[in-house]
There are 2 protein chains.
Amino acid sequence: MRNKPRPVGEQVSDLTAGRLSVYLRCLTSLEAAGVKTTSSKALAAAFHLNAAQIRKDLAYFGEFGVRGVGYYVSELKAHLRAILGLDRPVRVGILGAGNLGLALADYQGFQEEGFVIVGLFDTAPAKIGGKSRNGVRISDLAEFKRLAAAGEVDIAAVAVPGDAAQSVVDLIVAGGVRAILNFSRGAVRVPAGVKLKNVDLTVSLESLSFFLARGEASGPIR
Amino acid sequence: MRNKPRPVGEQVSDLTAGRLSVYLRCLTSLEAAGVKTTSSKALAAAFHLNAAQIRKDLAYFGEFGVRGVGYYVSELKAHLRAILGLDRPVRVGILGAGNLGLALADYQGFQEEGFVIVGLFDTAPAKIGGKSRNGVRISDLAEFKRLAAAGEVDIAAVAVPGDAAQSVVDLIVAGGVRAILNFSRGAVRVPAGVKLKNVDLTVSLESLSFFLARGEASGPIR
DNA sequence: TTTTGTGAACTAGTTCACAGCT
DNA sequence: AGCTGTGAACTAGTTCACAAAA
């Protein structure tokens, strides 16, 4: 099970990164089901993926498989967690304590995968000092600045009104946080060296509306 | 401004559909700023897109531009709204009245674009009869079935726990709804003829974690 | 002249198919 | 025999570059 040296300088696509996360979930569910070993073919069949693509995605990070056998579920799972940086706590700060921010703070999926919500941050005095249903405290944006500057935030999630988005993002970047998950509407700019991922709910709904309007439908699972 | 016959049978990619929605937002903001006319080059420069791609995406649906001039902002905006099916109300039902479902029901962006939230639907008796902060009523899932069967729901948004997702999706499909926005974790299957769009919050966070772990960062705005 | 609309060229991403291990 | 890892082939998506129109 020797791993070949990784092509460390090379750029991995966003699509590959997303799939790694999907593979991890598949493995978690297989492990929970008591499955010890699997193969790219079995994974592909069970989760509607392409076997060659799974192999290629994984092979990119090392030789995790055993020819003639396949992959050991918990071993591969551990590798994936390490590759995804989930082998240590990943600390997430949420900016904007509106409905969406509060929902994100209490979202079960994040806790399950080992993300740590460091807090909710807002500027509205009425919100500061409050808590989400599950008890995530709402603090002043200044407190976020302090945490970020102290290197205590790995990822910032932005759930503020569209017109505040760019200034909040600038503040995050100034604080030295290098990964941003943006739920706000409208394009936001980040300097090189900061990874930005946009989740635009309106765009998602509008694409669906588009396909309805076209009379088209059907498509692959992801 | 004669439009050529549209290639009606042809499949439009998800990426194109998403971009149309982005273009619409750009135009809305230009219109609000009082800009009467624009060009693919100007749009590209202002919103960090590629001019040729904008032209190609638009040209796919007709000849909306004027050579030597560009595009008339409000005219193109109206065309885009029609193409996206937003020229009539699009009715959205939200399944799952948890934190996320409630946040979606009250999400400003949807109202602004003309989506109509027909209701929140859940199975928990404690939730049924309640309302979201903004007053969206929570009804029994049976009521969703009735509305769907009556053709009163265009898009279903799924925000239920992962293990309930597939059964809820099956119910939606059985009700004849042909577009689903899925926020639940885990792969969900739909038959051909139903358009499914997954928004997986965990996958989004994990990709960011991955890029952090790799020490890579930077990337284009969308 | 300016800017569209679009074929051609290019780039990225996926799938095939098989050599090489176990 | 069975399955991985991977070059080659293919497919999809983007960008270039220019003829045609206003």
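Convention: sequence-line order gives letters A, B, ...; per-chain numbering from 1.
Here the C1' atom of nucleotide C:dT22 and the CZ atom of A:Phe64 are 19 Å apart, to the nearest Å. Protein atom CZ of A:Phe61 is 17 Å distant from nucleotide atom C1' of D:dT4, rounded to whole Å. Distance OH (B:Tyr60) to P (D:dT14): 14 Å, rounded to an integer number of Å. If you measure from atom CG of B:Leu43 to atom P of C:dT4, you get 9 Å, rounded to the nearest angstrom. Regarding B:His79, its NE2 atom lies at a distance of 15 Å from the C1' atom of C:dT4, rounded to whole Å. For the pair B:Ile54 CD1 and C:dG5 C1', the interatomic distance rounds to 14 Å; values are reported in whole Å. A:Glu63 places its CD atom 8 Å from the C1' atom of D:dT4, with the value rounded to the nearest Å. Atom-to-atom, CG of A:Leu58 to C1' of D:dT6 comes out at 14 Å; the value is rounded to the nearest Å.
Checked by atom type and distance alone, the side chain of B:Arg81 pairs as donor or acceptor with a backbone atom of B:Leu86 at under 3.5 Å.
Separation of atoms CG (B:Leu43) and CD1 (B:Ile54) is listed at 5.0 Å; rounding is to 0.5 Å. Atom CG of B:Leu49 sits about 9.0 Å away from atom CZ of B:Arg19, to the nearest 0.5 Å.
In this model, a side-chain donor or acceptor of B:Arg67 finds a partner on the base of C:dT4 within 3.5 Å. On a pure distance criterion of 3.5 Å, no polar donor-acceptor pair joins the side chain of B:Lys56 and the base of D:dT14.
The listed nucleotides are C:dA17, D:dC3, C:dT22; the one nearest the side chain of A:Arg55 is C:dA17. Looking at the side chain of A:Ala52, the nearest of the listed nucleotides C:dC16, C:dT4, C:dG5 is C:dC16.
Of the side-chain N and O atoms in A:Tyr72, none sit less than 4.0 angstrom from OP1 or OP2 of D:dC3. In this model, the phosphate group of D:dT15 is approached by a side-chain N or O of B:Asn50 to a distance below 4.0 Å at OP1 or OP2.
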> Checking side chain to side chain contact (heavy atoms under 4.5 Å, CB included) for the pair A:Arg214/B:Lys195: CA distance, chi angles, key distance, verdict?
Replying inline: CA-CA 11 Å; A:Arg214 282 227 115 195; B:Lys195 182 78 187 173; over 6 Å; no

Check: protein-nucleotides 9-13 of chain D nitrogen or oxygen pairs below 3.5 Å:
none

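Counting non-hydrogen atoms under 4.0 angstrom, B:Thr16 reaches nothing in the nucleic acid.
Ranked by how close their nearest DNA chain C nucleotide is to the 5' end, A:Asp57 and B:Gly68 are led by B:Gly68.
Taking the six-membered ring for Trp, A:Tyr23 and A:Tyr71 have ring centres at least 6.0 Å apart.
Proximity of B:Ile83 to B:Phe64: side-chain heavy atoms (C-beta onward) are separated by under 4.5 Å at one or more points.
Partners of A:Phe183 according to the ring pair (Phe, Tyr, Trp, His ring centres under 6.0 Å) rule, which considers only residues two or more places apart in sequence or in another chain, do not exist here.
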